[in-house]
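What follows is a short report on a single structure.
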Amino acid sequence: MSALLLDRLRSAGGWLARDRAAAALARQSKSLEQAVAELRARGYVIDEDPDMGLRLQAEPDVLCPADLRRGLQTRIVGREILVRDRVTSTNDVAWQLGEEGAEEGTVVFAEEQTAGRGRLGRCWWSPHGKGIWMSVLLRPVVGEELVPMTTIIGALAAAEAIRAATRLPARIRWPNDVLIEEKKVAGVLVEARQTGGGRGLVLGIGVDVNADDADMPPDVAPVAVSLSQAAGERIHRLHLAQELLRRLDRWYQVELERDADTINERWRSLSATLGRRIVLDEQGRRYEGTVADVDVRFGLALRLSRGNVRTFRGEHVTVIEHG
Ligand code: BTN
């Protein structure tokens with residue numbers, strides 16, 4: 001398996017002498033030349049120097065379960081990791097796995113979704129290889145009532161993972177859109193259902209990683225941004241995907257401990273909405289005002305133009321404009 005050579009090249013972090021590289025394959029029937037050729041065929045760029053040996057120059061931006069699992073160290077999220085090439089929606093696949101009795105924490109990534117779903121019945125555009133489109137199957141003891149909180153921990157995990165992997169200043173537009181500056185870069189969709197293995201939740205997250213304007217549908221381009229557009233360089237998805245799984249795992253534990261204060265504090269600190277003038281839509285009616293407060297338990301308190309404060313819950317509301 002060329003995975004052994006790959007591990008050695010990665011941990012060398014620079015040049016690896018040929019004899020040490022060959023030692024990694026000592027118990028294999030494969031020669032060093034064959035292993036290098038295999039890795040190159042899979043998109044790894046490997047330099048060769050007669051004196052220095054071999055050096056891993058670049059890795060292909062392909063998600064694979066073995067790489068995603070390596071060093072992950074999560075408790076629940078990622079107990080099982082699957083990667084599919086093309087699916088309707090990773091939420092559909094997670095539900096299917098749930099029906100078949102998959103364990104809590106099973107995660108499915110796809111390179112492409114043909115019918116990705118967004119909040120409020122919208123479509124979620126998910127082109128091949130350009131994003132992180134993933135869902136995790138959760139089986140908390142209670143179900144439906146955890147949907148709003150699970151949506152919030154999804155947004156927290158996505159914003160934190162983006163910050164950690166790219167240093168971009170991701171923030172959360174109430175309740176759960178992840179923005180860079182004023183443009184949406186990631187979204188969260190949580191669904192609750194009865195499955196063969198009991199009641200469950202599927203937490204789906206989409207992060208727009210390497211799309212260009214030319215890839216985006218005309219209605220998406222003005223309001224969306226990809227991480228590569230914001231950073232000015234291509235972003236490798238593996239590190240970001242692992243950060244996402246780790247942070248989801250951490251925030252899910254906090255949610256299971258019913259520690260709403262800790263979640264609230266972090267969510268408020270990443271809020272792009274608190275204190276802003278906004279326009280929001282609640283089932284077709286528009287409201288304009290200044291956001292007096294956001295709280296994971298009580299909702300968004302909007303000070304309307306006449307001075308009175310009205311509170312909104314996140315499930316049926318969209319923030320249309322940040323002032
Ligand atoms: C939104 O902001 O409207 C929510 C978008 C959620 C998109 C993700 S992509 C992975 C998962 N599968 C889906 O069909 N939707 C979610």
Side-chain angles (χ1 to χ4, degrees), residues 63 68 77-78 81-98 102 106-138 147-159 161-162 170-180 182-193 200-211 215-217 219-227 237 240-241 244-245 247-248 267 270 272-273 280-281 283 314-320 322:
L63 296 175
L68 287 161
V77 176
I81 301 179
L82 292 94
V83 179
R84 299 277 164 85
D85 188 51
R86 197 162 187 248
V87 301
T88 51
S89 151
T90 52
N91 276 28
D92 291 344
V93 180
W95 284 125
Q96 182 61 43
L97 295 166
T106 298
V107 173
V108 53
F109 288 86
E111 290 291 355
E112 178 182 359
Q113 297 185 117
T114 55
R117 292 196 284 281
R119 280 179 74 229
L120 308 172
R122 297 185 189 121
C123 297
W124 182 262
W125 165 81
S126 329
H128 196 276
K130 301 277 172 113
I132 289 179
W133 326 124
M134 62 80 69
S135 301
V136 52
L137 176 71
L138 300 172
V147 168
M149 193 62 100
T150 308
T151 310
I152 281 167
I153 63 150
L156 270 183
I162 290 170
R171 301 190 84 78
I172 301 170
R173 177 172 59 198
W174 186 84
N176 56 271
D177 289 339
V178 181
L179 308 182
I180 293 185
E182 287 304 302
K183 291 191 166 185
K184 180 158 166 172
V185 71
V188 183
L189 176 69
V190 178
E191 297 171 331
R193 284 188 203 166
L201 297 179
V202 165
L203 162 55
I205 299 184
V207 187
D208 192 350
V209 182
N210 282 318
D215 299 319
M216 295 186 188
D219 56 323
V220 172
V223 290
V225 69
S226 66
L227 294 177
R237 290 175 302 161
L240 175 65
L244 183 58
L245 296 180
R247 282 150 205 279
L248 273 176
W267 187 60
L270 289 174
T273 305
L280 61 77
D281 179 295
Q283 295 177 304
E315 296 86 82
H316 308 291
V317 177
T318 308
V319 175
I320 299 171
H322 266 150

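The first residue of the sequence shown is numbered 1, and numbering continues consecutively from there. Just so you know, ligand 1 is whichever comes first in the structure, and atom 1 is the first atom listed for that ligand. When reading the values below, keep in mind they use all heavy atoms of this one structure, side chains included, and skip hydrogens, waters and symmetry mates.
When the shell of 6.0 Å around CZ of R193 is examined, it contains more than 12 heavy atoms from other residues, nucleotides or ligands.
T273 places a side-chain N or O within donor-acceptor distance of the main-chain N or O of W174, the cut-off being under 3.5 Å. Judged by distance alone, with hydrogens and angles left aside, the side-chain atoms of R237 form a donor-acceptor pair with the main-chain N or O of G131 at under 3.5 Å. The backbone N or O of P175 lies less than 3.5 Å from a partner atom in the side chain of W267, making a donor-acceptor pair.
Here CD1 of I162 is found 11.0 Å from CG of L270. Values are rounded to the nearest 0.5 Å.
If you check the side chains of D281 and T318, you find no donor sitting under 3.5 Å from an acceptor.
Listed by chain and residue number, the protein contacts of ligand 1 are S89, T90, N91, Q113, G116, R117, G118, R119, W124, M134, S135, D177, K184, G187, V188, L189, G204, I205, G206 (heavy atom within 4.0 angstrom).
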